[in-house]
Amino acid sequence: MTRTAIQLVHRLQKMSLPRLFLLSISFSVVTTEIIIGAMGVFLKGEISYDYLLTGFLASLCVAALISSVLIFFLNLQRLDEDALRTSEERWKFALEGSGDGVWDWNLQTGEVFFSQRCKEILGYDEADYESRILSWESTIYPDDFHRVMTELRAHLDGNTDSYSNEHRAQYKDGNWKWLLTRGKVISRDANGKALRMIGTQTDISQRKQAEEAIQLAALVFENGSEGMVVTAADGTIVAINPSFTLLTGYTPEEVIGKNPRILQSGRQDAMFYQAMWSNLIATGHWEGEIWNRRKNGEIYAEWLSINSIFNSDGSVNRRVALFSDITKRKQSEELIWKQANFDPLTGLPNRSMFRDRLEQAVKQSRRAGLPLALMFIDLDRFKEINDTLGHEVGDALLVDAAQRLSHCVRNTDTVARLGGDEFTVILGDFDDYDSAERIAQTILNSLAQPFQLGAEKSQISASIGITFYPKDATGLDDLLKNADQAMYAAKDKGRNAYCCFTPSMQDAILNRIQLTADLREALADNQFQVYYQPVVDITTGVIGKAEALIRWHHPMRGLINPDDFIVLAEETGLIIDIGAWVLRTACSQVNVWRNQGQLSLRIAVNVSARQFHDVHFIDTVRGVLAETGLPPEALELEITEGMMMHNMEHTIAIIRTLRELGVQISEDDFGTGYSSLNYLKQFPIHTLKIDKSFIRDIGSDSDDAALVIAIIAMAKSLHLSIVAEGVETEEQLAFLRAQGCTQCQGFLFAKPMPEQEFGAFLAAPRKD
Ligand code: C2E
Ligand code: MG
Ligand code: MG
């Protein structure tokens with residue numbers, strides 16, 4: 001009965017009805033039960049009516065008492081449960097509010113209550129997250145699963161006070177999140193078996209990411225190959241990494257608490273650091289190249305990047321500097337730059353650097369309103385030295401010449417090597433044009449000093465072309481062209497000279513171009529003629545030989561001498577055909593004279609370098625001899641010293657072949673080139689022709705006289721015959737005769753003449 005009442009009350013109680021109502025209900029139920037019981041006894045006649053009434057009243061009192069006690073106890077229980085629920089709701093609410101999810105696990109049923117937040121953390125909503133522990137387990141990252149379960153089991157078994165675990169769990173979209181799951185068993189049975197466990201779940205992904213970032217940063221700091229320094233706002237070093245020590249040599253103990261200026265090399269001035277700091281203060285950042293000094297004193301280049309970390313009020317908290325050693329890179333950059341801009345042999349600026357410097361010099365000259373001089377310097381006959389003494393000696397000469405040039409100018413001027421034996425000088429900031437000419441003369445004098453090249457002593461000269469900015473030209477290309485033209489003018493002047501550019505040089509160039517065009521027509525148009533000059537045996541007066549000298553009858557310009565067009569003919573290659581024509585004409589003419597009685601008359605024909613080294617040259621000679629019927633011994637080919645020095649072995653081979661044909665070889669203009677007895681011995685020549693420049697000055701220049709004596713003596717010792725050319729006076733003749741020279745050529749005997757005239761000259765009776 002009472003159980004029914006208790007159950008009823010209990011149920012009603014759950015309905016949260018007012019307490020008075022509960023009391024009356026419970027009272028009614030108890031009373032009704034008593035009355036029903038009493039009525040049953042009374043009806044059976046076991047008790048009297050009075051007794052029933054008294055008993056009934058007494059029962060009522062007891063019922064009221066029981067009801068009250070019942071209600072009291074039920075109320076007490078309800079109060080406990082309310083309190084528990086209220087407290088649970090409070091902490092659940094508090095935890096949910098803090099962003100943590102709450103879970104409540106009934107281990108007896110396996111049911112888990114997951115709060116809304118718990119589900120949200122993994123991206124689920126109420127409906128699609130099963131409230132079973134299994135569904136929670138399935139979200140755990142496989143690698144973390146074992147650890148999670150081990151720690152959970154330990155707590156359930158009562159081995160730990162609480163459970164706390166960080167692990168990854170799968171988000172609804174498949175990604176992984178870091179969760180912190182904490183819990184505690186709050187109820188165990190008498191055997192200690194866990195019945196209920198409650199706990200929280202926190203999304204710690206962000207914290208984990210931050211931790212990972214910090215770990216990574218620490219890893220980079222510790223292991224990065226770049227040096228790192230952290231300084232406080234006042235610049236004091238607070239931390240360095242191992243690479244800093246590696247790069248600078250300073251250990252943390254040596255630098256922490258100090259200012260990074262201990263690394264300064266002194267290569268950068270105060271201005272540099274001021275600019276760096278003002279940029280750092282303005283933007284919080286600076287990066288650039290800087291030269292610092294290692295602990296061992298070595299200076300090195302680093303690429304430095306400084307960043308600032310600010311406090312919330314904007315003040316600097318820390319500055320972090322990162323640097324790498326770029327010395328090697330700088331060195332290789334410098335090397336590449338040097339290779340690109342400087343001549344490796346002489347160390348002078350090369351063509352590209354020269355152009356830059358010229359551009360700068362022109363700008364500066366424009367700003368300063370002062371002229372600028374540009375010089376082109378070409379070493380005369382350098383090629384001969386290179387060919388005869390070898391490239392190593394040639395290189396040594398160039399190095400020496402470069403140094404001499406540099407000593408002739410100021411540090412601010414530029415001396416450059418354009419290639420080969422071509423140098424340039426840029427003279428800036430001068431106020432009178434004469435000073436440039438004085439410098440040119442100084443250069444000529446300096447280069448004229450003998451060069452000691454190993455065991456050999458050698459002499460060289462130079463030709464210099466000078467042009468002025470802005471007087472002659474304002475554009476770079478025009479200036480270069482002018483200097484070049486002036487240099488050629490200096491060469492034309494006879495070398496070892498300087499020439500200032502004049503506009504007429506431009507005309508000379510145009511003239512040259514026109515002449516070249518005309519030259520192409522000349523051969524076909526029959527404009528050439530061979531003149532003959534006798535070579536006289538001064539011991540007998542016999543004309544043993546004639547030299548064939550070409551003349552050009554230009555339809556507009558009249559007679560042109562070979563010196564004015566042979567070079568053009570060589571440059572254009574026309575000399576091959578022209579030379580063959582001269583050879584054929586001269587050979588056939590001499591054959592005519594021989595047939596007319598001049599039986600021993602021989603002919604000397606000049607051969608140019610290009611012609612001589614032409615692959616068909618020997619065939620041409622052979623062909624002409626066969627064609628004209630001239631005996632080979634009646635032909636002498638005149639080659640110059642320079643030609644002989646060019647590709648010596650090939651030259652010697654050609655000379656040998658010609659000798660085998662029976663043709664004789666003479667060396668023309670002897671003494672003007674790079675004369676060397678050693679080399680002369682190697683060439684199987686027959687005759688030496690002393691250049692007219694020595695003969696001319698025999699009387700006035702004792703040096704020239706001595707040289708002529710030496711050449712004659714040398715030729716004799718080498719069993720070479722000697723021809724003195726350019727003999728104009730009796731004194732010269734007497735001198736030569738006295739020295740034992742037997743053959744002479746010159747105006748004293750006859751000028752070069754056309755064939756008829758020469759024929760007549762041959763036939764004329766001669767006084768001896
Ligand atoms: P070269 O072979 O040394 O010829 C001698 C030059 O000296 C000739 O000049 C001649 O006219 C000149 N001469 C001769 N005697 C005297 C003298 O007493 N006083 C002076 N001042 N000069 C004298 P040319 O004919 O003007 O020839 C100049 C050069 O042109 C020649 O010098 C030779 O190297 C070259 N040449 C001439 N004809 C030819 C040719 O057919 N082929 C080649 N490749 N070169 C030639
Ligand atoms: Mg000659
Ligand atoms: Mg000559």
Side-chain angles (χ1 to χ4, degrees), residues 492 494 519 522-523 527-536 538 543 545-553 559-587 589-590 602-614 617 620-621 624 635-644 664-673 675 685-699 711 722-733 736 743-755 757-758 761:
D492 286 348
L519 195 60
L523 195 59
Q527 293 170 8
F528 293 120
Q529 188 180 9
V530 177
Y531 275 38
Y532 299 88
Q533 188 180 29
V535 178
V536 182
I538 54 169
I543 301 166
K545 201 160 45 176
E547 181 174 4
L549 296 159
I550 193 172
R551 298 290 180 267
W552 179 11
H553 295 282
L559 192 73
I560 304 179
N561 280 327
D563 283 336
D564 295 331
F565 68 87
I566 290 291
V567 176
L568 292 183
E570 286 214 329
E571 281 171 9
T572 52
L574 291 167
I575 193 70
I576 309 273
D577 290 343
I578 296 172
W581 177 84
V582 172
L583 187 68
R584 192 173 297 111
T585 309
C587 287
Q589 183 57 56
V590 165
R602 297 171 60 244
I603 182 79
V605 179
N606 293 285
V607 178
S608 84
R610 187 135 179 202
Q611 209 184 339
F612 188 74
H613 292 286
D614 181 61
F617 180 63
T620 307
V621 174
V624 166
L635 174 63
E636 189 172 304
L637 296 174
E638 293 191 5
I639 59 174
T640 56
E641 218 173 347
M643 278 159 67
M644 290 163 67
Q664 296 209 349
I665 307 293
S666 62
E667 185 178 335
D668 204 355
D669 305 340
F670 186 79
T672 54
S675 312
I685 57 166
H686 301 85
T687 308
L688 271 191
K689 293 188 78 174
I690 307 174
D691 191 68
K692 57 180 177 285
S693 58
F694 300 106
I695 308 299
R696 185 183 57 217
D697 298 329
I698 279 174
I711 293 171
I722 280 272
V723 175
E725 50 176 31
V727 181
E728 294 182 356
T729 65
E730 291 292 347
E731 291 78 42
Q732 290 163 349
L733 178 64
L736 292 162
Q743 297 181 77
C744 289
Q745 176 184 357
F747 296 167
L748 182 65
F749 308 97
K751 288 194 171 182
M753 302 164 266
E755 64 269 18
E757 232 178 279
F758 188 82
F761 181 80

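The chain is numbered in sequence order, starting from 1. Counting starts at 1 for both ligands and their atoms, following the listed order.
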Does the [X] side chain pair with the main chain of [Y], one donor and one acceptor, at a distance under 3.5 Å?
| X | Y | value |
| --- | --- | --- |
| His686 | Ile665 | yes |
| Glu757 | Pro754 | no |
| Asn561 | Asp563 | no |

- Task: Evaluate the ring planes of Phe565 and Trp552, with Trp represented by its six-membered ring, and classify them as parallel (under 30°), tilted (30 to 60°) or perpendicular (over 60°).
- Result: perpendicular
Part of [X] within contact of ligand 1 (heavy atoms, under 4.0 Å):
| X | answer |
| --- | --- |
| Arg696 | neither |
| Val582 | side chain |
| Asp668 | side chain |
| Val727 | backbone |
| Lys692 | side chain |
| Pro752 | side chain |

[atom] [closest protein heavy-atom partner, distance rounded to 0.1 Å]:
| atom | answer |
| --- | --- |
| atom 10 (C) of ligand 1 | Leu549 CD1, 3.9 Å |
| atom 15 (N) of ligand 1 | Gln533 NE2, 3.0 Å |
| atom 44 (N) of ligand 1 | Ser608 N, 3.5 Å |
| atom 42 (N) of ligand 1 | Asn606 O, 3.4 Å |
| atom 13 (N) of ligand 1 | Phe747 CE2, 3.8 Å |

If you look at every heavy atom in [X] and [Y], which pair is closest and at what distance?
| X | Y | result |
| --- | --- | --- |
| Phe747 | Glu728 | CD1-OE2, 3.8 Å |
| Val605 | Ala586 | CG2-CB, 4.1 Å |
| Gln533 | Ala750 | NE2-O, 3.1 Å |
| Thr729 | Leu748 | O-CD2, 3.5 Å |
| Pro562 | Ile550 | CD-O, 3.2 Å |

- Query: Is atom 4 (O) of ligand 1 close to the protein, meaning a heavy atom under 4.0 Å from it?
  - Reply: yes
- Message: Is atom 32 (O) of ligand 1 touching the protein, meaning some protein heavy atom lies under 4.0 Å away?
- Response: no
Quick one: are [X] and [Y] in side-chain contact, heavy atoms under 4.5 Å?
| X | Y | answer |
| --- | --- | --- |
| Ile722 | Phe670 | no |
| Ser666 | Val723 | no |
| Gln589 | Phe758 | no |
| Leu637 | Val621 | yes |
| Val590 | Leu635 | no |
| Phe528 | Thr585 | no |

Measuring from the heavy atoms of [X], does anything fall under 4.0 Å of ligand 1?
| X | value |
| --- | --- |
| Gly579 | no |
| Lys751 | no |
| Glu547 | yes |
| Gln745 | no |

- What distance do Ile698 atom CD1 and Leu736 atom CG have between them, rounded to the nearest 0.5 Å? 4.5 Å
Would you mind listing which atoms of ligand 1 come within a distance below 4.0 Å of any non-hydrogen atom of [X]?
| X | answer |
| --- | --- |
| Ile550 | 38 (N), 39 (C), 40 (C), 41 (O) |
| Gly746 | 15 (N), 18 (O) |
| Glu638 | 2 (O) |
| Glu728 | 17 (C), 18 (O), 19 (N), 20 (C), 21 (N) |
| Glu725 | 3 (O) |

- Nitrogen or oxygen of Asp669 less than 3.5 angstrom from that of ligand 1: yes
- If you compare Pro534, Pro562, Ala604, Ala750 by their heavy atoms, the one closest to atom 27 (O) of ligand 1 turns out to be Pro562
- Message: Could you work out, for atom 28 (C) of ligand 1, the closest of Asp563, Ile639, Leu583 by heavy-atom distance?
- Response: Asp563
- Item | 2.8 Å cut-off (strict), protein N, O or S atoms about the Mg ion (ligand 2) | 4
- Message: So that I can tick it off, tell me whether Arg610 and Glu570 are bridged by a salt bridge, with the cut-off set at under 4.0 angstrom between side-chain N and carboxylate O.
- Response: no
- Task: Test salt bridge (charged side-chain N to carboxylate O under 4.0 Å, His left out) on Lys689 and Glu725 and set out the steps.
- Result: CA-CA 7 Å; Lys689 293 188 78 174; Glu725 50 176 31; 3.7 Å; yes
